[in-house]
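As the structure is a prediction and not an experimental result, all values here were calculated from the model. Every chain is numbered from 1, with letters handed out A, B, ... down the list of sequences.
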2 protein chains.
Amino acid sequence: MNTLSYGLLSLLTKNSRSGYELMQHIQPFWSAKHSQIYPLLAQLEQKGHVAFVHVLQSDKPDKKVYSITEQGKDALRGWIAEPTDEPVTRDELALKMYCIGLVDKEQARNMLAVREVYYRKKKERFNTLMDKLQQGSEKPLDQLEIGDDAFGMYVLVHKATMKVDTDLYWCEWMKEKLK
Amino acid sequence: MNTLSYGLLSLLTKNSRSGYELMQHIQPFWSAKHSQIYPLLAQLEQKGHVAFVHVLQSDKPDKKVYSITEQGKDALRGWIAEPTDEPVTRDELALKMYCIGLVDKEQARNMLAVREVYYRKKKERFNTLMDKLQQGSEKPLDQLEIGDDAFGMYVLVHKATMKVDTDLYWCEWMKEKLK
DNA sequence: TGTTTATATGTCAATAATGACATAAAGGAG
DNA sequence: CTCCTTTATGTCATTATTGACATATAAACA
């Protein structure tokens, strides 16, 4: 089983979700298209790690809501105990910046500006996520502990926020360099 | 042509390098194994974007040193002008942290400690890179401009350093949470 | 002298991931 | 009533990436 499969199981420890919802919720932390997720869910179901029920909706198309099984939780615990892969980042803009001297300042500034917009939108989304998290929690978020249900999501959104802030700082710094 | 191919061309705008050296130099910014790089270099050579010469070495095995051609530089400029893909990050530890409540604090702390060592080593490597960059430059690094040869490498190493510092801050923050 | 490590280049099968194609229900805008 | 968007699920061909296999030179170490 690949990492994304375990990632899907991870999400399902908190809520039962459809494939479509899983896609939306995992994407901020692990980019994956629906065409990868649906086949993996079918695999997980065959192995008995998840089970699903058809849920009929009147306002939207019907969906298949997946839940993690006890067997799935066992698999998850086994995965967590194993050595963790190193993180992988692939940023095309970084490669372009390496040889940015090939183009003029104006074009370089423009590339940075596009990326900055992307980061700002991303930051907004994480802020929204954090707000929603606070609304669903009795405790203030900074008092959440490892046992609390929202702890995992909280530390991830915090990490993501720190990262996007750093990315924005770098953009600002670059703008100065390209003045 | 894929992004990695352009990344290799980017590196070759600064120095002629062997496939092995290209692998070592691109990995901090775009993870790729030699088994991906060698075939791409062969492709680039066939297309006339790079050319190579055999270089005989007495202390080490002989190598093929690649240089970018004018045609290759044109291809690069075309690539830079195109819209840039969004960055992709895949961090298995983040997925594990989402459901960290499945294991005890001790195990969680241990996972963080392993990752912290990884980040510290990475930070060391970027510090070394920055030192080497300064040694090879007449100007102080913070006075480099877009036209300078070392500018691209400088801004990338700066970005990487900012990122790894943020990652280390997050590790420290997590350690507090898991006390 | 044998062993390990780093350098160096390559192929190939398997896996991971994307993009295109396909379908369909429901809501909203015009 | 038609078009567009969102939700929803799926398949399949192609591309990207990895891991295993393969070979070879040279230094360092025991």
Per the end-axis method with five pairs at each terminus, what is the bend angle of the helix from C/dT1-D/dA30 to C/dG30-D/dC1, to 10°?
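Result, rounded to 10 degrees: 30°.
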
5'-most by nearest nucleotide on DNA chain C - B/Lys64 or A/Lys60
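Looking at the nearest nucleotide for each, B/Lys64 comes out on the 5' side.
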
In terms of the nearest nucleotide of DNA chain C, which residue is placed more toward the 5' end: B/Pro61 or B/Val88?
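So the residue in question is B/Pro61.
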
With a 4.0 Å cutoff (strictly under), does any side-chain N or O of [X] reach OP1 or OP2 of [N]?
{"X": "B/Gln24", "N": "C/dT7", "result": "yes"}
{"X": "B/Arg90", "N": "C/dA17", "result": "yes"}
{"X": "B/Lys63", "N": "D/dT25", "result": "no"}
{"X": "B/Asn2", "N": "D/dA16", "result": "yes"}
{"X": "A/Tyr20", "N": "D/dT9", "result": "no"}
{"X": "A/Gln57", "N": "D/dA8", "result": "yes"}

Whole angstrom is fine here: how far is it from [atom1] in [X] over to [atom2] in [N]?
{"X": "B/Met1", "N": "D/dA16", "atom1": "CE", "atom2": "C1'", "result": "15 Å"}
{"X": "A/Glu86", "N": "D/dT17", "atom1": "CD", "atom2": "P", "result": "17 Å"}
{"X": "B/Asp85", "N": "C/dA17", "atom1": "CG", "atom2": "P", "result": "16 Å"}
{"X": "B/Tyr6", "N": "D/dT15", "atom1": "OH", "atom2": "P", "result": "14 Å"}
{"X": "B/Leu4", "N": "C/dA17", "atom1": "CG", "atom2": "P", "result": "16 Å"}
{"X": "A/His54", "N": "D/dT9", "atom1": "NE2", "atom2": "P", "result": "10 Å"}
{"X": "A/Phe52", "N": "D/dA8", "atom1": "CZ", "atom2": "C1'", "result": "14 Å"}
{"X": "B/Leu22", "N": "C/dG10", "atom1": "CG", "atom2": "C1'", "result": "15 Å"}

Pair [X]-[Y], side-chain donor/acceptor within less than 3.5 Å:
{"X": "B/Asp131", "Y": "B/Thr128", "value": "no"}
{"X": "A/Thr13", "Y": "A/Lys73", "value": "no"}
{"X": "B/Glu92", "Y": "A/Trp79", "value": "yes"}

Taking any heavy-atom pair under 4.0 Å as a contact, classify B/Ser18: base, sugar-phosphate, or nothing.
sugar-phosphate

Between the side chain of [X] and the main-chain N/O of [Y], is any donor-acceptor distance below 3.5 Å?
{"X": "A/Lys96", "Y": "B/Ala81", "result": "no"}
{"X": "B/Asp91", "Y": "B/Leu93", "result": "yes"}
{"X": "B/Ser18", "Y": "B/Val65", "result": "no"}

With respect to the side chain of A/Asp59, which nucleotide from C/dG27, D/dT6, C/dT18 is positioned closest?
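Nearest to the side chain of A/Asp59 among the choices is C/dG27.
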
Cluster check A/Tyr98, A/Leu102: I/L/V/M/F/W/Y, side chain < 4.5 angstrom:
yes

Quick test of your reading of the model: are A/Glu106 and A/Arg109 salt-bridged, counting only N-O distances below 4.0 Å?
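Result for this pair is yes, salt bridge flagged.
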
Answer yes or no: is there an ion pair linking A/Glu86 with B/Arg115, defined by an N-O contact shorter than 4.0 Å?
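No, this pair does not count.
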
Below 4.0 angstrom, which residues in residues 33-49 of chain A have at least one non-hydrogen atom near DNA chain D?
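Those residues whose heavy atoms fall under 4.0 Å from DNA chain D, taken from residues 33-49 of chain A in numerical order, are A/His34, A/Ser35, A/Tyr38.
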
Aromatic ring proximity, centroids under 6.0 angstrom, A/Trp173 and B/His158:
yes

